[in-house]
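Throughout, residue positions are numbered sequentially from 1 according to the sequence presented. Atom set for the values below is all heavy atoms of this structure, side chains included, hydrogens, waters and symmetry mates excluded.
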Amino acid sequence: MKAINYISDIYCITILLVFFTYHLMVYYGRNKYSHQRYNLYFALFSISLLGYLVNGTYMGQFIYNSNNILRNYLSVIEGIFVFFIGFFLAFYISDFFSFPEHIYKRLRNLIFTLAVILFFTLSEPVMGRIWYIHYLFTPIVISVGIIQLLMFFTILKHIITKNLYKSREKKAILAGLLLILFNLLIAKIMLTINTENLLARNNFLTGTAVLLFAYALSLRFNQEFKDLVILKNDLEKLVGERTSELTSANKAIMEASQRKMSFFINFAHETKTPLMLIRNYLDRYIFQKGIDPELLLIRKNFDKLYTDMVNYLDEERLSVGQLYNIEKKVVDISSITKDKIELFRLAAEIKNIHIIESIDENAIVFIDSQGFDKIANNLIDNAIKYNWEGGKVKITVKKTPGEVIFKVTDNGPGISKEQQEHIFEPFYQIHEKQNEEGFGVGLSVVKALTKELNGRLNFMSKENLGTTFELRFKSENIHSIVVGENCDIQSERVKNIKQSEFSNEKRTILLVEDNLSLLQFIQQELSCEFNVCVALNGKEALKLLNDHTFPDLVITDVMMDEMNGLDLFNYMNNHPRYSSIPLIFITAKSIKEERLKMLQKGASDYIFKPFTLDELKARITSVLQNRKKSKNEGIREAIGLLEQQLENETPIISKRAIPDIYKRCKELELTERQKDIVVLLVKGNSYKQIAEELNISDKTATRHVQNIFEKLGVHNKVELINLVNN
C-alpha cells in the first residue's frame with residue numbers, strides 16, 4: 001500500500017509542477033496578444049492542488065510531526081489550499097467555456113461561502129486539535145463537500161443546458177472535473193467516517209484529472225493554431241487577389257498616364273519647333289543688325305515664354321514628377337532685377353503706379369536664375385496688381401557683408417493678420433472683394449523656390465499701409481563667377497557682337513555658341529590673348545572656315561540649332577583641311593556616357609557647364625600646348641618612318657640560311673614563337689605581314705618584336721639581323 005502511495009505522490013506532484021511552470025509561461029507569453037486567462041487559472045490551480053496533495057503525503061506528515069507549531073496549523077493550511085483549488089478550478093472552467101456574468105456571480109458567492117466555512121479551521125490552533133477533531137472536523141468537511149458539489153452542479157447544469165459539451169476538449173474538462181470531485185470529496189468523506197481504503201491516500205485519479213485538463217488545453221491550442229493557419233492562408237489568398245487587382249488597376253493608371261504624357265510630349269515638340277524657328281530668326285537679326293531697347297524687351301519676353309514652355313513640357317521632368325528644375329550658378333541679381341523692372345514698367349504705367357528703384361550694382365549670388373526670375377515675377381506682379389491706383393512700388397537690391405537682399409514693397413491695402421497665416425498655402429486667395437484672381441499659387445511657388453535656392457523669405461504687412469516681401473541670399477565674390485548655360489551675369493543690354501580685330505601675334509580661336517550673352521561674354525574675356533571669331537551655330541562656323549578662316553582651336557557648344565557641335569566636328573574631321581584643328585566641346589550634360597561619346601569621336605577636350613573662365617583658359621592653353629607637342633612628335637614619327645623604310649630595304653636572306661638562323665636563335669634561348677618572328681623579320685616582312693602570317697593582331701606582333709629586341713639587347717631590325725648572322 002505504501003509503495004503505491006509513494007508512486008502516486010511522485011506521479012501527481014511531477015505532473016502538477018510541469019503543468020504549473022509550462023502554463024504560467026504560456027500565459028505571460030500570450031498576455032500581450034490575448035485577454036484569455038484560462039492558462040493562468042490552470043497554472044494556479046495546479047500549484048494549489050500540488051500544495052494540498054503534499055500536505056497529505058508521508059513527507060508532509062513527517063514535516064508536521066517534527067514541528068509542533070506547524071502541526072497545530074495543519075487544518076488551516078489544508079483549508080487554504082482547498083479554497084484556492086476550488087477558486088481557480090471554478091474560474092479556469094468558467095473562462096474556458098466563456099460563462100456569462102450571472103454564472104460568475106453565483107460561483108463567486110459559493111466561493112465566498114467556502115471561505116467563511118474554512119475560516120472556522122482557525123479554531124484548531126486556538127482550541128486544540130482534539131477539540132477541533134471532536135467538534136468541527138466532520139461539519140467542516142461535509143460543508144466543504146456540499147459547497148464543492150454546488151459549484152460542480154452549477155457548472156455542469158450550465159454546460160448541459162447550453163450544449164457546451166460537444167467538443168472533445170470540453171468533454172475532457174468534464175471528465176477531469178468528475179475525477180477531481182470524486183477523489184477530493186468521496187475520499188474525504190470516507191476519511192471522516194474512519195473508513196480506510198485505497199482512495200484515501202491514492203493520487204493517481206487526481207493526476208489523471210489534471211492530465212485531462214491539460215489535454216483539453218492542448219486541443220484548444222491546436223484549434224487556435226489551425227484557425228491561425230487557415231486565417232493566414234485566407235489572408236494570403238485575399239492579399240494575392242487584391243494585389244492582382246491593384247496591379248491591374250495600377251497598370252491601367254500607368255497606361256493612362258503614359259498616354260497623357262505622350263500627348264504633352266508630342267504637343268511640346270510641335271510647339272517648340274515654331275518657337276525655335278522664331279528665336280533663330282530673331283537671334284540672326286540681332287546678330288546682323290544690332291538691338292534696340294524695344295527689340296530687347298521682345299527678346300526677353302520671348303525667352304521667358306520659350307523657357308517656361310520647355311520647362312513645363314520637358315519629358316524627363318514629367319517622368320519623375322519634378323516641379324522645379326534647379327540649376328544653380330553665379331548670377332547678377334542687380335542685372336536681372338533691372339531687366340524685370342523694364343518688363344513691368346508698362347503694366348505699372350497703366351495703373352499709374354510709380355516704380356522706385358534702389359539697386360546696388362554687382363549683387364552676385366549663387367542661385368538658379370530661372371527660379372529667381374519666377375520669384376521676382378510673382379512678387380513684382382502682386383505688388384502692382386494689388387496696389388491702389390496711383391500707388392508706389394519700391395524694388396530694392398542691397399549688398400551687405402555676406403548677403404544680398406531683394407525686397408519688394410508696396411503701399412497697397414495690405415494683408416490682415418488672420419490671412420497672413422495662410423498666404424503661402426496653395427490656391428489660397430486673399431483679395432476676393434476686388435474681383436481679382438488672388439495670390440493663388442504664386443506665393444506658394446515663391447516659398448518653395450526660396451527654400452530650394454537656400455534663401456530666407458520674410459514678409460511684413462499692415463492693413464491699408466502696404467506689404468513688404470524680403471528675400472536674403474548668400475553673396476558671391478565677383479571674381480569667382482561661373483559661366484553657365486545662360487549668361488545671366490551680363491548687363492541688361494545685349495551689345496552688337498562683332499568679330500574681334502585680327503593680330504598676327506595672337507593665335508586664333510573660333511567660338512561657336514548660340515547664346516548671345518554667353519558668346520559675347522567669352523569673346524570679350526578671350527580677346528585680350530587670342531583672335532576670337534564667333535558664330536551662332538555650326539553652319540555659320542563652316543562659312544567662316546570656308547572663307548579662309550583657319551583657327552588654331554575651335555570651341556563649340558554641343559546643343560545648337562541648325563547644326564550642332566557634333567555635326568560640326570564630324571564635318572571638320574572628314575575634311576582634310578580642317579581635320580588637324582583641335583576642338584573643345586562645351587556641354588551641359590556632365591554624364592559619363594556623354595564624355596565617352598565625345599572622346600571616342602576624337603575631341604581634344606571637353607568642359608561642362610557651369611565653368612569658370614580660369615578653367616576655360618587653362619584648357620585652351622593645355623590643348624594648344626599639346627598641339628605644338630604633337631607637331632614635334634609628327635616630325636619625329638616621319639623620321640622614324642624613313643628609318644623603318646630603310647630597314648625594310650635590308651637584303652632578303654636565302655632559304656639555305658634559314659636553318660642557320662634557327663640554330664642561332666636556339667643559342668640565343670628564344671622560344672619557338674620568337675624564332676618564327678625572327679625568321680620573318682630577316683626575310684624582310686613588316687609587322688603587319690608578320691601578324692597575318694602568324695594569325696595574330698598587329699598590336700600583338702609589335703609587342704612580340706619589342707620583347708625580342710629587349711631580350712637580345714638590340715634596338716632595331718638591322719642590329720637583330722647582324723646578331724643572328726654572326
Side-chain angles (χ1 to χ4, degrees), residues 286-288 290 478-483 487 489-491 493-558 560 563 565 568-569 571-573 575-587 598 602-639:
I286 293 173
F287 181 73
Q288 294 174 352
I478 193 170
H479 299 294
S480 64
I481 288 176
V482 178
V483 180
C487 188
I489 58 177
Q490 290 302 292
S491 66
R493 296 289 183 264
V494 177
K495 301 177 182 178
N496 293 334
I497 300 178
K498 300 179 181 179
Q499 307 292 355
S500 61
E501 295 183 3
F502 185 82
S503 172
N504 290 325
E505 298 178 357
K506 299 178 182 178
R507 284 174 289 188
T508 302
I509 293 176
L510 174 57
L511 177 62
V512 190
E513 170 62 56
D514 62 348
N515 184 287
L516 287 172
S517 298
L518 181 57
L519 186 69
Q520 179 185 348
F521 181 73
I522 297 178
Q523 181 195 37
Q524 291 175 348
E525 293 297 323
L526 298 181
S527 294
C528 296
E529 302 177 36
F530 306 98
N531 299 315
V532 183
C533 302
V534 294
L536 286 171
N537 53 58
K539 283 189 176 181
E540 292 187 6
L542 290 181
K543 186 175 183 301
L544 289 174
L545 290 173
N546 294 329
D547 289 342
H548 308 291
T549 299
F550 194 86
D552 297 279
L553 173 66
V554 175
I555 303 174
T556 179
D557 192 6
V558 175
M560 295 181 296
M563 177 182 280
L568 172 63
F569 176 72
Y571 178 87
M572 293 174 57
N573 207 33
H575 198 287
R577 186 167 182 266
Y578 309 129
S579 59
S580 62
I581 300 176
L583 184 142
I584 297 177
F585 279 120
I586 298 177
T587 177
M598 290 184 292
S604 299
D605 206 344
Y606 52 87
I607 185 169
F608 296 131
K609 298 178 182 178
F611 56 87
T612 63
L613 288 170
D614 290 340
E615 181 184 2
L616 178 61
K617 290 179 180 180
R619 291 182 183 271
I620 291 172
T621 302
S622 175
V623 170
L624 292 177
Q625 289 178 348
N626 289 336
R627 187 191 184 198
K628 184 177 180 180
K629 290 180 180 178
S630 65
K631 287 182 178 179
N632 295 333
E633 291 176 357
I635 295 173
R636 288 195 295 270
E637 184 178 352
I639 295 173

Nearest heavy-atom approach of Gly538 to Leu568 is O-CD1, 4.0 Å
Are side-chain heavy atoms of Asp557 and Asn537 found at a separation under 4.5 Å?
-> no
Is there a side-chain contact between Lys617 and Leu526, using heavy atoms and a 4.5 Å cut-off?
-> yes
Side chain to side chain, Phe530 and Leu624, heavy atoms closer than 4.5 Å = yes
Do Ile581 and Phe550 come close enough that some side-chain heavy atom pair is under 4.5 Å?
-> yes
May I ask you to test the Leu616-Ile607 pair for a side-chain heavy-atom distance under 4.5 Å?
-> yes
Backbone N/O of Leu536 and side chain of Glu540: donor-acceptor pair under 3.5 Å | yes
Kindly compute the distance separating SG (Cys533) from CG (Leu545), expressed to the nearest 0.5 Å.
-> 9.0 Å
Begin with the C-alpha distance, continue with both residues' side-chain angles, and end with the deciding distance and a verdict on side-chain contact (heavy atoms from CB on, under 4.5 Å) for Asn546 and Tyr578.
-> CA-CA 10 Å; Asn546 294 329; Tyr578 309 129; 3.1 Å; yes
Minimal non-hydrogen separation, Ala541 against Ala535, with atom names = N-CB, 3.6 Å
Distance, nearest 0.5 Å, that separates OG of Ser527 from CD1 of Ile522 = 11.0 Å
Does the Arg619 side chain pair with the main chain of Ile584, one donor and one acceptor, at a distance under 3.5 Å?
-> no
Are the side chain of Asn626 and the backbone of Ser622 linked by a donor-acceptor contact shorter than 3.5 Å?
-> yes
Non-hydrogen side-chain atoms of Val512 and Met560 separated by less than 4.5 Å | yes
Decide side-chain contact (heavy atoms from CB on, under 4.5 Å) for Glu513 and Thr556; before the verdict, give the C-alpha distance in whole Å, the side-chain angles of both, and the deciding distance to 0.1 Å.
-> CA-CA 6 Å; Glu513 170 62 56; Thr556 179; over 6 Å; no
Taking atom NZ of Lys506 as the centre, report whether more than 12 heavy atoms of other residues, nucleotides or ligands fall under 6.0 Å from it.
-> yes
About how many Å separate CG of Leu544 and NZ of Lys539, when rounded to the nearest 0.5 Å?
-> 14.5 Å
Side chains of Asp552 and Ile509 in contact at under 4.5 Å (non-hydrogen atoms) = no
Is any side-chain heavy atom of Leu510 closer than 4.5 Å to a side-chain heavy atom of Ile555?
-> no
